[in-house]
Amino acid sequence: RKEVEQDPGPFNVPEGATVAFNCTYSNSASQSFFWYRQDCRKEPKLLMSVYSSGNEDGRFTAQLNRASQYISLLIRDSKLSDSATYLCVVNPSGNTGKLIFGQGTTLQVKP
Amino acid sequence: DTGVSQDPRHKITKRGQNVTFRCDPISEHNRLYWYRQTLGQGPEFLTYFQNEAQLEKSRLLSDRFSAERPKGSFSTLEIQRTEQGDSAMYLCASSRGSLGEQYFGPGTRLTVT
């Protein structure tokens, strides 16, 4: 079983749609959680951290359910520029800082 | 540009050759990480440094791979006797401490023919 699992998609949605991505992680002791965005042939960039209380950044909302070991990302009012791969990322230990990435979910927003 | 830089951006080599990649982290970052990414997959952790000390190596890092970070500044990743399975994007990231945001460099794309 992979440490972080995501549906690779692709998710094809029209502009303005709301889309949700989910991911599960296997290590219940994991310390911190993130969503990264990666454009084609570019490096990953931090989109947002994910907190237990849930957090929002503009059109993006992230949720964490530690009991179910489940992380989600909701994108409202999708823009063409949101087309990218979204990587669910877990830091299993606060000491090392190493990140465990999911496979990524590809989003294609169409006009 | 004060971000993470990597050199070269692309490397094509023949099987059996040695290659070396360089990463220059953000100057005040004491943590430096190497990851490898293959097509359709997320990045996989290889190794990390705190200052000049290499503190962890993934089992993905076979004995053909070696990484250094002399003086706690730039880092090099060397692959000896390259194999076709080494073809991937090699990403470097740096952070301030273990909980700081990791900033990634543009990567070195290695193709082994």
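So you know, we letter chains A, B, ... as the sequences are listed, proteins then strands, and number each from 1. In this text, all values refer to a predicted model and were calculated from it rather than measured experimentally.
More than 12 non-hydrogen atoms from other residues, nucleotides or ligands lie less than 6.0 angstrom from CD of B:Gln80. By the neighbour-count criterion of 12 heavy atoms within 6.0 Å, atom CD of A:Glu15 is densely surrounded, having more than that number from other residues, nucleotides or ligands. Applying the 6.0 Å contact sphere to CZ of B:Arg15 captures no more than 12 heavy atoms from other residues, nucleotides or ligands. Within a 6.0 Å radius of CG in B:Leu60, more than 12 heavy atoms belonging to other residues, nucleotides or ligands are found. Residue-environment remark: CG (B:Leu39) stays at or below the threshold of 12 foreign heavy atoms within 6.0 Å. Heavy atoms of other residues, nucleotides or ligands lying less than 6.0 angstrom from OH of A:Tyr70 number more than 12.
Using a 4.5 Å cut-off between heavy atoms, B:Tyr103 does not touch chain A at all. For A:Phe34, no part lies under 4.5 angstrom from a heavy atom of chain B. Heavy atoms closer than 4.5 Å to chain A are found nowhere in B:Leu55, neither backbone nor side chain. Proximity to chain B (any heavy atom under 4.5 Å) is shown, for A:Pro44, by both the backbone and the side chain. Using a 4.5 Å cut-off between heavy atoms, B:Gln41 contacts chain A through both its backbone and its side chain. Only the side chain of A:Gln38 comes within contact range of chain B, with heavy atoms under 4.5 Å apart.
Residues A:Val89 and A:Ile71 do not share a hydrophobic cluster, defined by chaining ILVMFWY side chains whose heavy atoms lie under 4.5 Å apart. Under the 4.5 Å side-chain heavy-atom criterion for grouping Ile, Leu, Val, Met, Phe, Trp and Tyr, A:Leu64 is connected to A:Phe60 within one hydrophobic cluster. A:Ile100 and A:Tyr86 fall within the same hydrophobic cluster, where Ile, Leu, Val, Met, Phe, Trp and Tyr residues are linked whenever their side-chain heavy atoms come under 4.5 Å apart, directly or through other members.
No side-chain N or O of B:Gln6 forms a donor-acceptor pair with one of A:Glu43 less than 3.5 Å apart.
Counting heavy-atom pairs closer than 4.5 Å to chain A, the top-ranked of the candidates B:Gly105, B:Gly107, B:Ser95 is B:Gly105.
Separating the CG atom in A:Leu46 from the CD atom in B:Gln102 is a distance of 10.0 Å, to the nearest 0.5 Å. Interatomic distance, A:Lys42 NZ to B:Leu91 CG, rounded to the nearest 0.5 Å: 13.0 Å. Once rounded to the nearest 0.5 Å, the distance linking NZ of A:Lys45 with CZ of B:Phe104 reads 12.0 Å. Note that CG of A:Leu99 and CZ of B:Phe45 are 9.5 Å apart. Values are rounded to the nearest 0.5 Å.
Side-chain contact between B:Pro43 and A:Leu87: present, with at least one pair of heavy atoms (C-beta onward) separated by less than 4.5 Å.
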- Message: Quick one, A:Arg41 with B:Arg109, criterion side chain to side chain contact (heavy atoms under 4.5 Å, CB included). Give me CA distance, side-chain angles, the key distance, then yes/no.
- Response: CA-CA 10 Å; A:Arg41 304 181 79 82; B:Arg109 185 171 296 280; 3.3 Å; yes
